[in-house]
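Report on the structure given below.
Lettering of chains follows the sequences in order, A, B, ..., and the numbering in each one begins at 1.
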Amino acid sequence: DTAVSQTPKYLVTQMGNDKSIKCEQNLGHDTMYWYKQDSKKFLKIMFSYNNKELIINETVPNRFSPKSPDKAHLNLHINSLELGDSAVYFCASSQEGFGTGLDEQFFGPGTRLTVL
Amino acid sequence: GESVGLHLPTLSVQEGDNSIINCAYSNSASDYFIWYKQESGKGPQFIIDIRSNMDKRQGQRVTVLLNKTVKHLSLQIAATQPGDSAVYFCAENNSGYSTLTFGKGTMLLVSP
């Protein structure tokens, strides 16, 4: 069984479009994250949610809007896509996360977004 | 291919050798550290972690060493196998915050 799953795995779209990436975890974790990995493999945190509440919002353009309908899901919606948004986006989850130290984060398989 | 122009630090070893991957971390307040392995086309996968009250921790074929004085972390892989070929990331956390800060990554290439 997949612990953290993301859909789609690949997403190719035109500049200016709006797209969403979905993430689900079946681990019963309280905290979920979105990371962006650029072409140089650098991984950077974008958002962190704890029990459906936004905890961390790094310096991400407001075109990116995470939505957490329940504890097991954290979707990423991106408006007005730009060329620089092309990257691999990873969802992750952990049991703890906020203010209690950090437990292991489990990562999804990634979504490769290509903006043309 | 995916690695063209990547310019990641690369460590090339022969199968059976021991590998040592190094990482310098930035925040002296960080108290939790993790090593992740990322194979091509996959998400990062947990290898081993260590808290700042320790200076060494061993797992199966892997050992993490922490030197807080110089803010240095290393991952030692014993008897490296071709399946160990991947990009390895160190990550640090300050327990007051819920995010991990990842290092730049090192590519390990293991030849048979």
Side-chain angles (χ1 to χ4, degrees), chain A residues 2-6 9-10 21 23 25 27 29-51 53-60 86-112 114, chain B residues 1-10 21 23 25-27 29-54 57 59 62 64 85-109:
Chain A
T2 305
V4 182
S5 59
Q6 295 177 228
K9 187 165 175 64
Y10 299 96
I21 306 171
C23 178
Q25 54 97 1
L27 298 166
H29 286 168
D30 289 332
T31 306
M32 295 184 72
Y33 312 81
W34 276 106
Y35 286 85
K36 178 180 180 180
Q37 187 172 47
D38 62 22
S39 58
K40 293 183 171 59
K41 292 287 191 184
F42 186 61
L43 262 169
K44 186 166 167 50
I45 183 76
M46 299 172 69
F47 302 100
S48 167
Y49 266 72
N50 180 268
N51 272 316
E53 291 188 24
L54 179 65
I55 303 301
I56 297 288
N57 179 356
E58 294 292 324
T59 49
V60 176
S86 294
V88 182
Y89 292 84
F90 288 100
C91 177
S93 73
S94 66
Q95 179 58 46
E96 298 288 343
F98 180 60
T100 60
L102 193 66
D103 286 338
E104 175 188 347
Q105 290 187 14
F106 292 79
F107 283 78
T111 296
R112 182 176 290 278
T114 303
Chain B
E2 192 181 280
S3 63
V4 171
L6 204 50
H7 300 304
L8 276 179
T10 301
I21 301 172
C23 175
Y25 64 92
S26 54
N27 186 351
S30 292
D31 55 6
Y32 179 64
F33 305 87
I34 308 180
W35 278 100
Y36 279 92
K37 172 187 180 183
Q38 186 178 18
E39 295 175 90
S40 180
K42 297 184 179 178
Q45 181 185 7
F46 174 90
I47 302 173
I48 191 168
D49 61 358
I50 188 168
R51 297 198 182 270
S52 59
N53 60 353
M54 303 172 70
R57 189 160 188 231
V62 293
V64 55
S85 294
V87 177
Y88 289 79
F89 294 94
C90 65
E92 60 182 300
N93 170 251
N94 179 331
S95 60
Y97 301 91
S98 63
T99 58
L100 282 174
T101 301
F102 279 79
K104 288 198 170 117
T106 297
M107 182 174 288
L108 176 66
L109 297 173

Exercise for the section: With a 4.5 angstrom heavy-atom cut-off, could you sort out which part of A/Gln37 is near chain B: side chain, backbone, both or neither? Expected result: side chain
Practice task
Could you look at A/Leu43 and say if it's the side chain, the backbone, both or neither that has a heavy atom under 4.5 Å from chain B?
Solution key: both
Between [atom1] on residue [X] and [atom2] on residue [Y], distance to nearest 0.5 Å:
X	Y	atom1	atom2	value
B/Leu100	A/Lys44	CG	NZ	12.5 Å
A/Phe107	B/Gln45	CZ	CD	11.5 Å
B/Gln38	A/Phe90	CD	CZ	4.5 Å

Exercise for the section: Go through A/Gln105 and B/Tyr36 one step at a time and tell me if the side chain to side chain contact (heavy atoms under 4.5 Å, CB included) criterion holds. Expected result: CA-CA 10 Å; A/Gln105 290 187 14; B/Tyr36 279 92; 3.3 Å; yes
Problem - Within 6.0 Å of NZ in A/Lys9, more than 12 heavy atoms from elsewhere - result: yes
Exercise for the section: Would you sort out whether B/Phe89 and A/Lys41 count as a side chain to side chain contact (heavy atoms under 4.5 Å, CB included), showing the intermediate values? Expected result: CA-CA 10 Å; B/Phe89 294 94; A/Lys41 292 287 191 184; 4.2 Å; yes
Handout entry: Aromatic contact, B/Phe102 with A/Tyr35 (centres under 6.0 Å)
Key = yes
Practice task
Please list, chain by chain and in numerical order, all residues satisfying side-chain contact (heavy atoms from CB on, under 4.5 Å) with A/Lys36, sequence neighbours excluded.
Solution key: A/Met46, A/Ala87, A/Tyr89
Fill in the blank from the handout: Answer key: most heavy-atom pairs under 4.5 Å with chain A among B/Pro44, B/Gly103, B/Gly105 is B/Pro44
